[in-house]
Chemist: 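Pasting in a structure now, in C-alpha cells, and then I'll have a few things to ask.
It should be emphasised that the depicted structure is a prediction, and the values quoted were computed from it without experimental measurement.
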Amino acid sequence: MTNISDDHVKVHFRMDIDEDGWPPASVESLWAVDLGDSTVRLDNTPWFVRGVASGDIIRVQPDDEGVLWAGETVQPSQNCTIRLIVLKDGGSAAARQSVLEVFHRLGTTGEGIEQFRMVALDVPPQADLPKIRELLEHGETKEWWHWEEGCVTTAWKSAARA
C-alpha cells in the first residue's frame, strides 16, 4: 500500500461466514483512493474478501452514517490476491517474513498478520506467475503453508500446469 493521504477512505465489504467460522469477521474494511465519482481504487491487499484485488476500481455507496460500502467491481486491476496460512515454524514472524521475501523476488508485494499466521500477496500481472504458482504448490507439498486464491485473473489461470 502507498502512504495514506487525504484522498484515502475506508471501504467496507460484507462477507459471509462459513460453517467453520471463516472468515473470522462479517466485514472487512480496506483502504482505497476516492476517485470522486462514487468509485474508489483499492489500495491494499484484502485479507479475507474474495473476488477483489489491490488496484481494482469499485463502486461504493455511503450509508446513512457515511460509511462506504463496496458494490460492484467497475474495472479489475488484473492483480491477483493470494493468501497463505504459514505452517512452517508455527507461522512465526520470521517465517511469515521469509515467505514475503521469497515471493517478493518473483514480483509480488504483501504483508503478514500474526493473529492468523497469514500472508496476503498482491500479485501484479507482470510478476512471474508460473514460478509463483510452482512455489505455492511446492510449499504446500512440503507443508510450509496452505494457500488459496482470493482473486485471480485469466493470466493466473493460464499459468497453471496443464
Side-chain angles (χ1 to χ4, degrees), residues 1-2 4 8-34 39-104 108-124 127 129 132-133 135-137 139-157 160:
M1 187 177 87
T2 58
I4 301 302
H8 278 82
V9 294
K10 280 284 191 170
V11 176
H12 298 77
F13 290 79
R14 288 184 177 89
M15 301 179 296
D16 294 324
I17 299 174
D18 69 20
E19 62 278 356
D20 296 324
W22 195 260
S26 60
V27 174
E28 180 176 3
S29 61
L30 300 174
W31 285 108
V33 175
D34 187 349
T39 64
V40 298
R41 184 180 64 251
L42 296 182
D43 201 25
N44 69 280
T45 306
W47 288 110
F48 306 109
V49 177
R50 295 183 178 279
V52 296
S54 181
D56 288 358
I57 297 176
I58 307 289
R59 188 164 316 285
V60 293
Q61 178 70 41
D63 67 14
D64 293 341
E65 296 173 3
V67 174
L68 293 178
W69 291 95
E72 68 182 333
T73 299
V74 175
Q75 182 178 342
S77 63
Q78 300 307 310
N79 293 335
C80 296
T81 301
I82 304 296
R83 293 184 275 261
L84 299 89
I85 302 289
V86 179
L87 305 174
K88 189 172 186 180
D89 297 331
S92 68
R96 292 190 313 275
Q97 186 60 39
S98 172
V99 169
L100 287 167
E101 288 170 4
V102 72
F103 283 100
H104 181 76
T108 73
T109 58
E111 59 184 309
I113 184 171
E114 180 178 5
Q115 183 177 4
F116 303 106
R117 302 178 327 209
M118 283 180 66
V119 168
L121 297 176
D122 180 41
V123 184
L129 303 183
I132 291 168
R133 286 192 71 102
L135 180 56
L136 286 166
E137 292 165 6
E140 184 148 46
T141 300
K142 294 285 192 179
E143 298 183 356
W144 294 339
W145 52 67
H146 295 299
W147 65 282
E148 72 170 12
E149 299 170 330
C151 180
V152 295
T153 61
T154 302
W156 175 262
K157 292 174 188 172

Chemist: Count the heavy atoms of every other residue, nucleotide or ligand shown that sit under 6.0 Å from NE2 of His12, and state whether that count exceeds 12.
Modeler: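 Yes.
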Chemist: Between atom CG of Asp34 and atom CG of Leu68, what is the distance when rounded to the nearest 0.5 Å?
Modeler: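 Between Asp34 CG and Leu68 CG, I get 7.0 Å after rounding to 0.5 Å.
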Chemist: Please identify which of these residues, Leu121, Asn79, Asp122, meets the side-chain contact (heavy atoms from CB on, under 4.5 Å) condition with Thr45.
Modeler: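 Per the side-chain contact (heavy atoms from CB on, under 4.5 Å) rule, the option paired with Thr45 is Asp122, out of Leu121, Asn79, Asp122.
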Chemist: Report the distance from atom CG of Leu129 to atom SG of Cys80, rounding to the nearest 0.5 Å.
Modeler: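 Leu129 atom CG to Cys80 atom SG measures 6.5 Å (nearest 0.5 Å).
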Chemist: List the residues meeting side chain to side chain contact (heavy atoms under 4.5 Å, CB included) with Ile17, not counting sequence neighbours, and say none if there are none.
Modeler: Ser26
Chemist: Just checking Phe103 against Trp145, ring centres under 6.0 Å apart?
Modeler: yes
Chemist: As an exercise, state the distance from CD of Glu111 to CE of Met118, rounded to the nearest 0.5 Å.
Modeler: 10.0 Å
Chemist: Can you tell me which residue pairs pass the side chain to side chain donor-acceptor pair (under 3.5 Å) test with a partner in residues 65-76, sequence neighbours excluded?
Modeler: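 For residues 65-76, and leaving out neighbouring residues, the side chain to side chain donor-acceptor pair (under 3.5 Å) pairs sorted by first residue read Arg59-Glu72, Asp63-Trp69.
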Chemist: Just verifying a value: how many Å separate Asp56 CG and Asp43 CG, rounded to the nearest 0.5 Å?
Modeler: 12.0 Å
Chemist: Inspect the contact between Glu28 and Arg50 and indicate whether a charged nitrogen and a carboxylate oxygen are less than 4.0 angstrom apart.
Modeler: no
Chemist: Ser77 and Ser54: which non-hydrogen atoms are nearest, and at how many Å?
Modeler: OG-O, 2.9 Å
Chemist: Answer yes or no: is there a donor N or O on one side and an acceptor on the other, between the side chain of Thr141 and the main chain of Glu137, under 3.5 Å?
Modeler: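 Answer holds: yes.
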Chemist: For Glu101, I'd like to know if atom CD has over 12 heavy atoms of other residues, nucleotides or ligands within 6.0 Å.
Modeler: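 Correct, the count exceeds 12.
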Chemist: Contact between Phe13 and Leu42 at the side-chain level, heavy atoms closer than 4.5 Å - yes or no?
Modeler: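 With C-beta onward as the side chain, the pair touches.
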Chemist: Could you measure the distance from the CG atom of Leu135 to the CH2 atom of Trp144? Nearest 0.5 Å is fine.
Modeler: 7.0 Å
Chemist: Please test Arg96 against Glu114 for side-chain contact (heavy atoms from CB on, under 4.5 Å), starting from the C-alpha separation and ending with a verdict.
Modeler: CA-CA 8 Å; Arg96 292 190 313 275; Glu114 180 178 5; 3.6 Å; yes
Chemist: To check you understand the geometry: which heavy-atom pair defines the closest contact between Asp16 and Pro23, and what is its length?
Modeler: O-CD, 3.4 Å
Chemist: Output side-chain donor-acceptor pairs under 3.5 Å for residues 81-92, partner residues at least two apart or in another chain, one line each.
Modeler:
from: Thr81; atom 1: OG1; to: Val52; atom 2: O; distance (Å): 3.0
from: Arg83; atom 1: NE; to: Trp47; atom 2: O; distance (Å): 3.1
from: Arg83; atom 1: NE; to: Glu148; atom 2: OE2; distance (Å): 2.9
from: Arg83; atom 1: NH1; to: Pro46; atom 2: O; distance (Å): 3.3
from: Arg83; atom 1: NH1; to: Trp47; atom 2: O; distance (Å): 3.3
from: Arg83; atom 1: NH1; to: Val49; atom 2: O; distance (Å): 3.2
from: Arg83; atom 1: NH2; to: Val49; atom 2: O; distance (Å): 3.4
from: Arg83; atom 1: NH2; to: Glu148; atom 2: OE2; distance (Å): 3.3
from: Ser92; atom 1: OG; to: Ala95; atom 2: N; distance (Å): 3.1

Chemist: Give a yes or no on whether Asp64 atom CG has more than 12 heavy-atom contacts from other residues, nucleotides or ligands under 6.0 Å away.
Modeler: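 No, CG of Asp64 has 12 or fewer neighbouring heavy atoms, counting only those of other groups under 6.0 Å.
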Chemist: For Leu30 and Lys10, run side-chain contact (heavy atoms from CB on, under 4.5 Å): C-alpha distance rounded to whole Å, both residues' side-chain angles, the deciding distance at 0.1 Å, then the answer.
Modeler: CA-CA 5 Å; Leu30 300 174; Lys10 280 284 191 170; over 6 Å; no
